[in-house]
2 protein chains.
Amino acid sequence: MGSQPTVSDVAGVAGVSRQTVSNVLNAPELVRPETRERVQAAIHSLGYRPHASARRLRTQKSSTIGIRLDPITQDGISGSILDRFLHALTERADRQGLRMLLFTAAGPDDEIEQFRRLSDAADVDAFVLTSTFHGDPRTEWLIEHGQSFVTFGRPWGIDDMTDPEHLWVDVDGRSGLRDATAHLLSQGRRRIGFIGWPAGSGTGDDRREGWLEAMRERSGLTDDELRLLEVAAEDRVPFGADAIRRLEAQGGPVDGVVCTSDSLALGVLTVAGGRIPVVGYDDTPVAASLGFSSVAQPLDEVAAGVLELLTGAHGGRVRPDEEVADPRHRLVAPRLVVRDGPPLIGPR
Amino acid sequence: MGSQPTVSDVAGVAGVSRQTVSNVLNAPELVRPETRERVQAAIHSLGYRPHASARRLRTQKSSTIGIRLDPITQDGISGSILDRFLHALTERADRQGLRMLLFTAAGPDDEIEQFRRLSDAADVDAFVLTSTFHGDPRTEWLIEHGQSFVTFGRPWGIDDMTDPEHLWVDVDGRSGLRDATAHLLSQGRRRIGFIGWPAGSGTGDDRREGWLEAMRERSGLTDDELRLLEVAAEDRVPFGADAIRRLEAQGGPVDGVVCTSDSLALGVLTVAGGRIPVVGYDDTPVAASLGFSSVAQPLDEVAAGVLELLTGAHGGRVRPDEEVADPRHRLVAPRLVVRDGPPLIGPR
DNA sequence: CTGTTAGCGCCTTCAC
DNA sequence: GTGAAGGCGCTAACAG
């Protein structure tokens, strides 16, 4: 152990000055290959590693991204989504020499207080936000205070979602539900019900659009008929069970159901499992385990997008050869995971 | 934005020198109350916040704890466990002025490489490890290199688990399964089956002991009979379904089942749901949603224990008034969450 | 109790 | 291409 070697130690061993060592690390092309190799040999033999805090102090960059760990929701079953996103993000950040710093907050206001704390202390130089919502005060604060951030989720409720100050990445839930619905339609089924969250949730409304589009296009049902094929429920398993009962009571038997979440889908299965196909959303381990179809969010792509926007905005810059129409926002397509066999469960 | 104020700015406003400011922050009792208040007023009015990197450079402490995000397992459904632990840990760490830094690793060797990287760069000054296993090379490396760490999980496979070099916190799975089994026995049920993981997993073997103890004590069955009441399965839902079939084929009908995990329990429910009570382990959202009993790990207590050991080992020291027999290891008791109503699901 | 002095390890000028 | 200063913001010693 002992204390770590410093640039001076390396310089001493290599017979150069300290800044030459620094140059080898930060601007290798400035150093003659011969010297460079000597220095690198010294670095290697000493096991030298730059002291992160010293570098951060000097450069005034933390190379650290803060992310809030969402409060645990006891309701649904899809807790693993953030987990998987976090994993993808951390892995990619690592590769770019960025660190992920965690924090928690009791609510939006507290989260803003954390923003303040972490940015004032120069602990992080960017934030990643999840689960944005209508009139989110957090993004407002961040923009106002010149903080760099990207959200996983669109700024719902705003007419113009292309605010250049607000960088976001999101999954195209509408297309996900359109695909899910189309899949069932293509099996010859016509009366496909939709079970979603109460209106106003942005994400939920968007997904509903997908179902509606597909149904209008290919089911042959009228809008009046379609209205009877949807019901809303809070995101909890028992409510999903209740919802399918209400749905069939109000509109008669259905040929299949698409849901806004795997939690709701699971609830539906407890009532109608094996009788009709059910498609969920998020492709949670539960969907995989029990064998029902689900729309999978490409969290790795989302993470990649988040980092690109972050580093691009920081200094990098989106490379010209991967020109995109709107370089400040990314909508990535989800993927329908089809599991057409009978599910493992059904009503008791 | 502009740049943040520094100690000098505060000192200027308060009319004192820089280190008096520093003292107010780090050793308030050394400063006369009058001066202290003046300085604090200045701090407040300027919105001053110490620069984290500068402090870390100076003190040679990062006040940061590294934790690896476990690879996502597609198998079971219990991914949320680490998630919840991480949450509890982050929240408590925050309160003590400690930061949680994330990293990922492809395997134990890679993880050790990350240890090296993070500790060499003085990025973290302690690690928290999860899911320890038999002959874990990581703890060996950490001890050898004088790194401070605590594991969530015992050093399975070692005769003496009280190695003072290896600090750990764990949940007493044996007592958890004993309680679960006792609960079913107390309902007058006698033939309680056990479905666990293949022998050798430490955690799994420990939980099995709990079932065995309770059964020997109160079921009135002989060891030979008990042997027929247990089967092993990998931690996946369909294997749980298979396991209950094997169990009843080999030993006849059972009155209830206790499992090593909620994944297995869910599998059992797909076959025997509603017929016999099933108890899982981890109290995942799925257990709560579908309504089956499960053994809940007190993750908040585990997090508290981890931090106490970490800060105690660092400099703090366990306070004498909370004397414990073995201050370097903590075994916390889980809690059986009873859900005796009929589960939402059953065989299709 | 307060102020002075001296770095922590690094990188960014600027000369040579 | 390489070397010599200086300082990022903070705190640990010591003086006063």
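Note that this is a predicted model, so its numbers are computed, not measured. These numbers come from the heavy atoms of this one structure, side chains and all, not from hydrogens, waters or symmetry mates. Here is the naming used below: chain letters follow the sequence lines, and residue numbers restart at 1 for every chain.
Checking the phosphate oxygens (OP1, OP2) of dT2(D), a side-chain nitrogen or oxygen of Thr35(A) falls inside 4.0 Å. The phosphate of dG3(D) (OP1 or OP2) has no side-chain N or O of Arg18(A) nearer than 4.0 angstrom. Taking only side-chain nitrogens and oxygens, Thr20(A) comes nearer than 4.0 Å to OP1 or OP2 of dG3(D). Within the structure, every side-chain polar atom (N or O) of Arg58(A) is placed at least 4.0 Å from both OP1 and OP2 of dG7(D).
Contact of the Ile65(A) side chain with the Leu89(A) side chain is not registered, since no non-hydrogen atoms from C-beta on lie closer than 4.5 Å.
Whole-Å rounding puts the Lys61(B) NZ to dA12(D) P distance at 10 Å. Counting to the nearest Å, the P atom of dG6(D) and the CG atom of Leu57(A) are 18 Å from each other. Atom CG of Asn26(B) and atom P of dG9(D) are 17 Å apart (whole Å). Between His51(B) atom NE2 and dC8(C) atom P there is a gap of 19 Å when expressed in whole angstrom units. When rounded to the nearest whole Å, the span between CG of Asp120(B) and P of dC10(C) equals 12 Å. A straight line from CD of Gln19(B) to P of dG9(D) spans 16 Å, rounded to a whole angstrom. Look at OH on Tyr48(A): it is 6 Å from P on dC11(C), rounded to the nearest Å. Atom CG of Asn23(A) and atom P of dC11(C) are 9 Å apart (whole Å).
Judged by closest nucleotide on DNA chain C, Pro33(B) is the one of Pro33(B) and Pro50(A) placed further toward the 5' end.
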Verdict with reasoning, Asp94(B) to Arg117(A), per salt bridge (charged side-chain N to carboxylate O under 4.0 Å, His left out)
CA-CA 11 Å; Asp94(B) 241 45; Arg117(A) 189 172 60 89; 3.2 Å; yes
Between Leu331(A) and Val171(A), does a side-chain contact (heavy atoms from CB on, under 4.5 Å) hold up when you go through it step by step?
CA-CA 5 Å; Leu331(A) 197 57; Val171(A) 174; over 6 Å; no
Ser62(B)/Asp123(B) under side chain to side chain donor-acceptor pair (under 3.5 Å): CA gap, chis, key distance, verdict:
CA-CA 6 Å; Ser62(B) 65; Asp123(B) 254 321; over 6 Å; no
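The backbone N or O of His166(B) lies less than 3.5 Å from a partner atom in the side chain of His329(B), making a donor-acceptor pair.
You'll find that the side chain of Thr6(A) is closest to dC10(C), out of dC11(C), dC10(C), dC10(D). Of the candidates dC10(C), dC11(C), dC1(C), dC1(C) carries the atom nearest the Arg32(B) side chain, counting heavy atoms from C-beta on.
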